[in-house]
A.B. asks: 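Provided herewith is a single structure, encoded as structure tokens, for subsequent inquiry.
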Amino acid sequence: MGVRPHKLTVEKYGTIDVVVNNAQAIVPSSPVEETSYDNMLKAWQSGVIGSLNYMQAAFPYMKEQHEGRIINFASATGMFGIAGQLAYGSNKEALRGLTKIAAKEWGQCGICVNIVLPGAESPAAKAWAEKFPEEYAKQVNLNPMKRFGDPEKDIAPVIAFLAGPDSCYFSGQSVIVDGANSIMP
């Protein structure tokens, strides 16, 4: 099976201080009645299960040093129940549940676990805009700031805070960074 990534990290840096789980396979949209088992499995394996694996791998190192930060990424897709997004949205909501439970269980070990729900102009959002320009324009127009966030200028500073020493009492939170887009009318 080879050397696991966390082992390589510890060999190079001596420990693991921060884990950022921001990976997710994108599966085709489909209504609930047409969502396949394979698409559900792919979404969950790459999302909540993959994140759990990395969290568990980092836990012993963070527990030993009595400090650590875990930052997961979710989406408003699950929070608002976006039609056609069962595999992706349900997985992201499960990841929010995992985040809260880990924060409760691992807080005594000095580990802060949070989740970020970004509204960002990511590569995936750009690809979506190219494929569905009218839907993209509609979503941008619904945002109070009339734009999606810049990953480096708008989202990264929040991640830097969550990964840093000033967030040592901030845990178990869903941090929505979307220009007020998620505030219900």
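Owing to the predicted nature of the structure, the values given are computational and were not obtained by experimental measurement. Worth knowing before you read on, the calculation uses all heavy atoms, side chains too, and leaves out hydrogens, waters and symmetry mates.
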A.B. asks: Quick check: do T15 and Q65 have side-chain heavy atoms less than 4.5 Å from each other?
C.D. replies: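 In contact.
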A.B. asks: Assigning hydrophobic clusters by single linkage (Ile, Leu, Val, Met, Phe, Trp, Tyr; side-chain heavy-atom cutoff under 4.5 Å), is L86 placed with L117?
C.D. replies: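 Yes; L117 is reachable from L86 via cluster members.
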A.B. asks: Report yes or no: do Y88 and V32 belong to one cluster of Ile/Leu/Val/Met/Phe/Trp/Tyr joined by side chain heavy-atom distances under 4.5 Å?
C.D. replies: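 No.
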A.B. asks: Could you tell me if the side chain of V175 sits less than 4.5 Å from the side chain of I115, heavy atoms only?
C.D. replies: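 No, every pair of side-chain atoms sits at 4.5 Å or beyond.
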A.B. asks: Would you say M145 and V140 are hydrophobically clustered, going by side-chain heavy atoms of ILVMFWY under 4.5 Å?
C.D. replies: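 Different hydrophobic clusters.
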A.B. asks: What pairs with E93 under salt bridge (charged side-chain N to carboxylate O under 4.0 Å, His left out), at least two apart in sequence or on another chain?
C.D. replies: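 So E93 forms a salt bridge (charged side-chain N to carboxylate O under 4.0 Å, His left out) with R96.
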A.B. asks: With side chains defined as the heavy atoms from C-beta onward, is the minimum distance between M55 and N21 less than 4.5 Å?
C.D. replies: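 Result yes, sub-4.5 Å side-chain heavy-atom pair found.
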A.B. asks: In Å, rounded to the nearest 0.5 Å, how long is the span from OG of S51 to CG of N91?
C.D. replies: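 So the OG of S51 and the CG of N91 are separated by 7.5 Å.
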A.B. asks: Is there side-chain contact between D150 and E121, with at least one heavy-atom pair below 4.5 Å?
C.D. replies: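 With C-beta onward as the side chain, the pair stays apart.
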A.B. asks: Ring centroid separation for Y136 and F148, is it under 6.0 angstrom?
C.D. replies: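 Under 6.0 Å, so yes.
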A.B. asks: Is atom NZ of K12 surrounded by more than 12 heavy atoms (other residues, nucleotides or ligands) closer than 6.0 Å?
C.D. replies: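 Not more than 12 within 6.0 Å, no.
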A.B. asks: What pairs of donor and acceptor atoms, side-chain ones from residues 39-47 against any protein atom, are under 3.5 angstrom apart with sequence neighbours left out?
C.D. replies:
| residue | atom | partner | partner atom | Å |
| --- | --- | --- | --- | --- |
| W44 | NE1 | S90 | OG | 3.4 |
| S46 | OG | Q24 | NE2 | 3.2 |
| S46 | OG | A25 | N | 2.9 |
| S46 | OG | K42 | O | 3.0 |
| S46 | OG | A43 | O | 3.2 |

A.B. asks: Among the clusters formed by ILVMFWY side chains lying less than 4.5 Å apart, do V19 and F73 turn up in the same one?
C.D. replies: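 Looking at the clustering, F73 is in a separate group from V19.
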